[in-house]
Student: 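Sharing a structure with you now.
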Amino acid sequence: MRIVIGEDSALFREGLSRLLSEAGHEVAALAGDAGTLVEAVDRERPDLAIIDIRMPPDHTDDGARAARRVRAAHPGMGIVLLSQHIESRHSVELVAAGRFGYLLKDRVFDVDDFLDALRRVACGGSALDPEVVERLIKATRHDDPLLALTPREREVLALMAEGRTNVGIARRLWLTERTVETHVGNILTKLGLADGKEDHRRVLAVLAYLRR
């Protein structure tokens, strides 16, 4: 897999590059600011771009805005946002299009899970950090339909947000696949998503977590 990294911290950028190279991936380019990142992606056409949300020149949401530009120009490319902070204004639109991940930087240190998340995104799936999802759950309004979900259903939806299949969720929670299917069905019904294609409904369920 060919990867472009956009990260303003030289130490983190080089460490991430080394980790990916040792895992057998090709790091096509490194960028320290949003403008250089966009140029590198246009030039290298990688399979995946890993982008820090807060980058120069403004050190606010430059990376997230650059990710939207990259997605518009290269809709088939995977994008993974990394952050120490939670930003949902741009990520809702990105996750709706698929091939998108949003992970807190601490997750990089769980190397196997991090590399698995990158593979899922590059292959067309999603990977949303469960802590991001959990924080957004706590910020929902009292009239939000998410409040109708049971604790177990919230666990299942959090894993759906990570991009896990029903089989993967069953293994993680030590449940049968049939039990997971039942939970997923209940989640979709409670969120008013009982009709439509399965993949599309799962994405909409994840979006329900990200929307305020």
Student: Using the side-chain hydrogen bond (donor to acceptor under 3.5 Å, both in side chains) criterion, which residues pair with Asp42? Sequence neighbours excluded.
Tutor: His74
Student: Whether Lys190 and Glu153 form a salt bridge (side-chain N of Lys/Arg under 4.0 Å from carboxylate O of Asp/Glu) is what I want to check.
Tutor: yes
Student: Check step by step if side-chain contact (heavy atoms from CB on, under 4.5 Å) holds for Arg164 and Asp116.
Tutor: CA-CA 11 Å; Arg164 308 281 179 181; Asp116 182 56; 3.6 Å; yes
Student: Could you list the donor-acceptor pairs under 3.5 angstrom formed by side chains in residues 178-186, with sequence neighbours left out?
Tutor:
from   : atom 1 : to     : atom 2 : distance (Å)
Thr179 : OG1    : Thr176 : OG1    : 2.7
Thr182 : OG1    : Arg178 : O      : 3.1
Asn186 : ND2    : Thr182 : O      : 3.4

Student: Considering only heavy atoms from C-beta outward, does the side chain of Lys105 approach that of Glu7 to under 4.5 Å?
Tutor: yes
Student: About how many Å separate CG of Leu118 and CG of Leu48, when rounded to the nearest 0.5 Å?
Tutor: 5.5 Å
Student: Would you check, one step at a time, whether the test side-chain contact (heavy atoms from CB on, under 4.5 Å) holds for Ser126 with Val121?
Tutor: CA-CA 5 Å; Ser126 62; Val121 172; 5.8 Å; no
Student: List the steps, then state whether side-chain contact (heavy atoms from CB on, under 4.5 Å) holds for Met55 with Asp61.
Tutor: CA-CA 7 Å; Met55 297 178 68; Asp61 61 352; over 6 Å; no
Student: For Asp62, enumerate each residue passing the salt bridge (Lys or Arg N to Asp or Glu O under 4.0 Å) test, keeping only those at least two apart in sequence or located in another chain.
Tutor: Arg65
Student: Taking the side chain as C-beta and beyond, is there a heavy-atom pair between Ile79 and Val70 under 4.5 Å?
Tutor: yes
Student: Can you confirm whether Met77 sits close enough to Arg71 that some side-chain heavy atom of one is under 4.5 Å from a side-chain heavy atom of the other?
Tutor: no
Student: Under the 3.5 angstrom rule, does the side chain of Arg99 hit a backbone N or O of Val80 as a donor-acceptor pair?
Tutor: no
Student: Could you tell me the separation between the CG atom of Leu20 and the CD1 atom of Ile3, rounded to the nearest 0.5 Å?
Tutor: 4.5 Å
Student: Are any of the side-chain heavy atoms of Asp52 and Phe12 separated by less than 4.5 Å?
Tutor: no
Student: Would you call Glu177 and Arg171 a salt bridge, using N to O less than 4.0 angstrom?
Tutor: no
Student: Can you tell me how far the CG atom of Leu82 sits from the CG atom of Leu16, to the nearest 0.5 Å?
Tutor: 6.5 Å
Student: Are Asp47 and Arg119 within salt-bridge range, i.e. N to O under 4.0 Å?
Tutor: no
Student: Sequence neighbours left out, what passes side-chain hydrogen bond (donor to acceptor under 3.5 Å, both in side chains) with Arg107? Give chain and number order.
Tutor: Asp129
Student: Do Leu173 and Arg152 have side chains that approach each other closer than 4.5 Å (heavy atoms only, starting at C-beta)?
Tutor: yes
Student: Mind checking the OG-CD1 spacing from Ser83 to Ile51? Nearest 0.5 Å is all I need.
Tutor: 12.5 Å
Student: With sequence neighbours excluded, tell me which residues meet side chain to side chain contact (heavy atoms under 4.5 Å, CB included) with Arg43.
Tutor: Ala29, Ala40
Student: With a 4.5 Å limit on heavy-atom distance, are the side chains of Leu103 and Leu128 in contact?
Tutor: no
Student: Taking salt bridge (charged side-chain N to carboxylate O under 4.0 Å, His left out) as the cut-off, I'd like each qualifying pair that reaches into residues 13-34, sequence neighbours left out, listed once.
Tutor: Arg2-Glu26, Arg18-Glu22
Student: State the CD1-CZ distance between Ile187 and Arg154, to the nearest 0.5 angstrom.
Tutor: 10.5 Å
Student: I need the minimum non-hydrogen distance between Ala28 and Val4, along with the two atoms involved.
Tutor: CB-CG2, 4.3 Å
Student: Shortest non-hydrogen contact from Leu37 to Ala66?
Tutor: CD2-CB, 4.1 Å
Student: Please report the interatomic distance CG(Asp8) to OG1(Thr36), rounded to the nearest 0.5 Å.
Tutor: 11.5 Å
